Amino acid sequence: MALRFIGIDPNTGDDESPTVWVDHQKQEIVLQGWKPDPELEAECAAFEAPGHAVGIPDHEAVIRIPARMAPMIREACDAVERTTVQ
């Protein structure tokens with residue numbers, strides 16, 4: 001896997017490091033964030049979307065990313081889209 005580092009939370013301290021990467025090979029955005037508290041995770045798990053089962057599959061996770069990282073997420077979206085344009 002060849003990850004391209006996009007950015008890290010500018011307010012990060014030694015114990016926290018929400019981070020954004022792009023995996024060009026798999027054409028994926030990779031996020032590291034904070035784990036949700038039990039209440040948020042339960043709320044997400046209870047959400048009903050048409051055509052999808054309720055709950056969070058074992059192979060998926062809910063994470064939290066601070067809104068101040070939106071520009072990094074946009075940059076990651078642009079970067080991964082460029083790899084899919086032929």
Side-chain angles (χ1 to χ4, degrees):
M1 177 180 348
L3 288 179
R4 174 181 164 209
F5 173 77
I6 299 295
I8 192 167
D9 179 5
N11 292 1
T12 194
D14 291 340
D15 296 334
E16 298 181 359
S17 54
T19 308
V20 179
W21 298 271
V22 169
D23 181 334
H24 287 287
Q25 184 179 19
K26 292 184 178 181
Q27 298 179 342
E28 295 175 343
I29 297 167
V30 180
L31 302 172
Q32 175 181 329
W34 302 307
K35 293 180 181 180
D37 60 33
E39 293 81 16
L40 177 59
E41 190 166 38
E43 184 177 351
C44 292
F47 184 78
E48 294 186 39
H52 291 274
V54 174
I56 302 167
D58 288 340
H59 64 280
E60 295 182 5
V62 172
I63 63 166
R64 298 171 26 242
I65 298 287
R68 65 184 162 265
M69 293 181 68
M72 293 173 210
I73 296 169
R74 284 188 199 100
E75 181 180 343
C77 291
D78 291 343
V80 79
E81 278 185 336
R82 282 192 294 272
T83 63
T84 62
V85 175
Q86 301 299 326

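As the structure is a prediction and not an experimental result, all values here were calculated from the model.
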query = Less than 4.5 Å apart, any side-chain heavy atom of Ile29 and any of Ile73?
reply = no
key: Counterpart residues, side-chain hydrogen bond (donor to acceptor under 3.5 Å, both in side chains), relative to Glu28 (two or more places apart)   = none
ask   = If you count the non-hydrogen atoms of other residues, nucleotides and ligands that lie under 6.0 Å from CD in Glu43, is the total more than 12?
value = no
inquiry  = Clusters formed by hydrophobic residues whose side-chain heavy atoms approach within less than 4.5 Å: which one holds Ile56, and what are its other members?
reply    = Val62
ask   = Does any non-hydrogen side-chain atom of Pro36 lie less than 4.5 Å from one of Cys44?
value = no
query = At their closest point, which heavy atom of Ile6 faces which heavy atom of Met72, and how far apart are they?
reply = CG2-O, 3.4 Å
query = Which residues satisfy the side chain to side chain contact (heavy atoms under 4.5 Å, CB included) test with Ile63, sequence neighbours excluded?
reply = Leu31, Ile65
task = Output all residues satisfying side-chain hydrogen bond (donor to acceptor under 3.5 Å, both in side chains) with Arg74, sequence neighbours left out; order by chain, then residue number.
result = none
Over all atoms of both residues, closest heavy-atom pair of Ser17 and Ile8 = CB-CD1, 3.7 Å
query = To the nearest 0.5 Å, how far apart are CZ in Arg82 and NE2 in His24?
reply = 7.5 Å
request  = Check salt bridge (charged side-chain N to carboxylate O under 4.0 Å, His left out) between Arg4 and all other residues, then give those that pass, not counting sequence neighbours.
outcome  = Glu75
key: Qualifying side-chain hydrogen bond (donor to acceptor under 3.5 Å, both in side chains) pairs with a residue from residues 56-73, counting only residues at least two apart or across chains   = Asp9-Arg68
remark   = Here the pair of heavy atoms bringing Thr19 nearest to Phe5 is CG2-CE1, 3.7 Å
